[in-house]
Asks: 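Structure in structure tokens, see below.
When a ligand or atom number is given, it counts from 1 through the structure's own listing order.
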Amino acid sequence: MLKVGVVGCGMIGQEHIKRLSKKLQGVQVVAVSDVFEEGARKAAGICGAKVYTDGADLVADPDVEAVVVTSPGFAHKETVLQAIAAGKRVFSEKPLATTAADCKEIVEAEMASGKHLVQVGFNRRYDKGYHQLKEVLMSKKYGEPLMAHCTHRNPVVADTYSTEMAVHDTLIHEIDVMHWLIDDEYESAQVIMNKRTKNALPHLADPQFMIFRTKGGMTIDVEVFVNCKFGYDINCEVVCEEGTVKLAAPATPIIKSDASVATGIETSWINRFIESYDTELQDWVNAAAEGIINGPTAWDGYVAAVTADAFVKAQKSGQVEPIVTGEKPEFYR
Ligand code: ISE
């Protein structure tokens, strides 16, 4: 039984605490922490865990064997570094840290520890649909992948959501999953600012058209549209030399009525990818028993941060910006 401490008891923290304590096998949540004591107490009520208000105390607790970090992104780095220093495995929700320099510090600390301890919560790599897509692409049955067209649509976002968050919060999923999917590396980033929807607040550029070029010569475009109103709509179509392959969405009933055919679209990202979150954390728990990390590493977190920085720069410059990550260290190969 892996004894886990969870740092950060907001929305995703509570989701993961419920998942770890009620759904998954071989794991127990023994401690939770939040700077807001009330939030921590509420979350502890789900699983009967010890309560901390300082993540450092939770990491230092000898009962805690491994740490799950679900605090706001800016606070991830501190806890992840504390866990590495304590030699404990740590699962950090995305982003690993908010700047590429901070992610690099984590990568260097992990390499210096000599142990693979860090996994980043890029859940789409655990989604069944993306796995099916990857299997077809890697078979090369339809030839080489040439380009991909994606949409990342949210029905609505909070008033605090900013133009940069379209990269850091939203595009970040495609940033991680697409290079994994096509087994290629990114070369450059470009953002085309589109005509704005009337449904976005004045401070927010929405929708935005984001373009990746890969070292292998592929073009990947992503429409990020976070006030689309109608649903949480994730699409990905890869165009190959002799066919196209499209991500399947979870099935919902097809209803015929009133001279029309309708099928539902999920509205919440938590529900759209719910199975991938379960699979992701169960895999992390199972891998702990073998002392390995199967999922996205700290290096993947660093690559995502460098790529995100290039996209934010491209939002401002309107130019094609290079994405330079350097060689992947031997430790992560
Ligand atoms: C949110 O944090 C997510 O992870 C969702 O998948 C994404 O669609 C949304 O835009 C983000 O704010």
Side-chain angles (χ1 to χ4, degrees), residues 8-16 18-19 68-76 91-98 119-131 133 149-181 191 194 196-197 199-201 203-210 212 220-236 247-250 265-281 295-296 300-301 304-305 307-308 311-312 315:
C9 300
M11 184 174 67
I12 189 78
Q14 289 181 39
E15 280 286 317
H16 282 345
K18 273 186 228 152
R19 175 169 285 120
V68 171
V69 186
T70 45
S71 52
F74 66 82
H76 290 181
F91 176 96
S92 167
E93 254 313 327
K94 56 95 189 166
L96 176 58
T98 45
Q119 179 164 330
V120 186
F122 285 126
N123 61 298
R124 289 209 193 164
R125 291 198 196 192
Y126 286 91
D127 177 67
K128 198 169 158 197
Y130 278 102
H131 268 269
L133 207 54
H149 310 298
C150 311
T151 69
H152 190 149
R153 301 184 180 126
N154 288 196
V156 65
V157 283
D159 293 356
T160 49
Y161 186 100
S162 65
T163 295
E164 289 189 2
M165 283 169 77
V167 173
H168 285 299
D169 244 47
T170 304
L171 184 75
I172 199 77
H173 287 291
E174 277 77 15
I175 288 178
D176 179 67
V177 84
M178 292 309 290
H179 75 92
W180 168 83
L181 184 68
V191 179
N194 202 74
R196 291 177 189 224
T197 167
N199 294 314
L201 288 174
H203 70 263
L204 177 63
D206 187 42
Q208 300 177 43
F209 196 68
M210 319 255 194
F212 302 75
I220 301 167
D221 58 77
V222 186
E223 171 203 312
V224 174
F225 185 13
V226 295
N227 287 281
C228 82
K229 292 291 177 195
F230 66 84
Y232 183 71
D233 190 33
I234 304 300
N235 295 286
C236 174
L247 177 72
I265 298 178
E266 187 53 69
T267 52
S268 132
W269 49 269
I270 290 183
N271 291 339
R272 166 66 179 83
F273 285 110
I274 196 152
E275 282 176 19
S276 70
Y277 289 113
D278 295 347
T279 316
E280 169 187 51
L281 277 170
D300 293 313
T307 308
F311 272 101
V312 169
Q315 281 180 323

Asks: Extract all donor-acceptor atom pairs below 3.5 Å that involve side chains of residues 91-98 and protein atoms in other chains or at least two apart in sequence.
Replies:
{"from": "Ser92", "atom 1": "OG", "to": "His76", "atom 2": "ND1", "distance (Å)": "3.4"}
{"from": "Glu93", "atom 1": "OE2", "to": "His16", "atom 2": "NE2", "distance (Å)": "2.8"}
{"from": "Lys94", "atom 1": "NZ", "to": "Asp169", "atom 2": "O", "distance (Å)": "3.2"}

Asks: Can you list everything that forms a ring pair (Phe, Tyr, Trp, His ring centres under 6.0 Å) with Phe311? Sequence neighbours excluded, please.
Replies: Phe212
Asks: Keeping the roles fixed (side chain from Glu174, backbone from His152), state whether a donor-acceptor pair exists under 3.5 Å.
Replies: no
Asks: May I have every N or O pair linking ligand 1 to the protein at under 3.5 Å, one per line with atom names and distance?
Replies:
{"from": "ligand 1", "atom 1": "2 (O)", "to": "Lys94", "atom 2": "NZ", "distance (Å)": "3.2"}
{"from": "ligand 1", "atom 1": "2 (O)", "to": "Asp169", "atom 2": "OD2", "distance (Å)": "3.4"}
{"from": "ligand 1", "atom 1": "4 (O)", "to": "Lys94", "atom 2": "NZ", "distance (Å)": "3.2"}
{"from": "ligand 1", "atom 1": "4 (O)", "to": "His173", "atom 2": "NE2", "distance (Å)": "2.9"}
{"from": "ligand 1", "atom 1": "6 (O)", "to": "His173", "atom 2": "NE2", "distance (Å)": "3.2"}
{"from": "ligand 1", "atom 1": "6 (O)", "to": "Tyr232", "atom 2": "OH", "distance (Å)": "2.9"}
{"from": "ligand 1", "atom 1": "8 (O)", "to": "His152", "atom 2": "NE2", "distance (Å)": "2.6"}
{"from": "ligand 1", "atom 1": "8 (O)", "to": "Asn154", "atom 2": "OD1", "distance (Å)": "3.4"}
{"from": "ligand 1", "atom 1": "8 (O)", "to": "Asn154", "atom 2": "ND2", "distance (Å)": "3.0"}
{"from": "ligand 1", "atom 1": "8 (O)", "to": "Tyr232", "atom 2": "OH", "distance (Å)": "3.1"}
{"from": "ligand 1", "atom 1": "10 (O)", "to": "Asn154", "atom 2": "OD1", "distance (Å)": "2.6"}
{"from": "ligand 1", "atom 1": "10 (O)", "to": "Thr170", "atom 2": "OG1", "distance (Å)": "2.7"}
{"from": "ligand 1", "atom 1": "12 (O)", "to": "Asp169", "atom 2": "OD2", "distance (Å)": "3.0"}

Asks: With sequence neighbours excluded, tell me which residues meet ring pair (Phe, Tyr, Trp, His ring centres under 6.0 Å) with His168.
Replies: none
Asks: Please confirm whether the backbone N or O of Tyr161 pairs with a side-chain atom of His203, one donor and one acceptor, at under 3.5 Å?
Replies: yes
Asks: Looking at Asp176 and Arg125, is there a salt bridge between them, counting it only when a charged N and a carboxylate O are closer than 4.0 Å?
Replies: yes
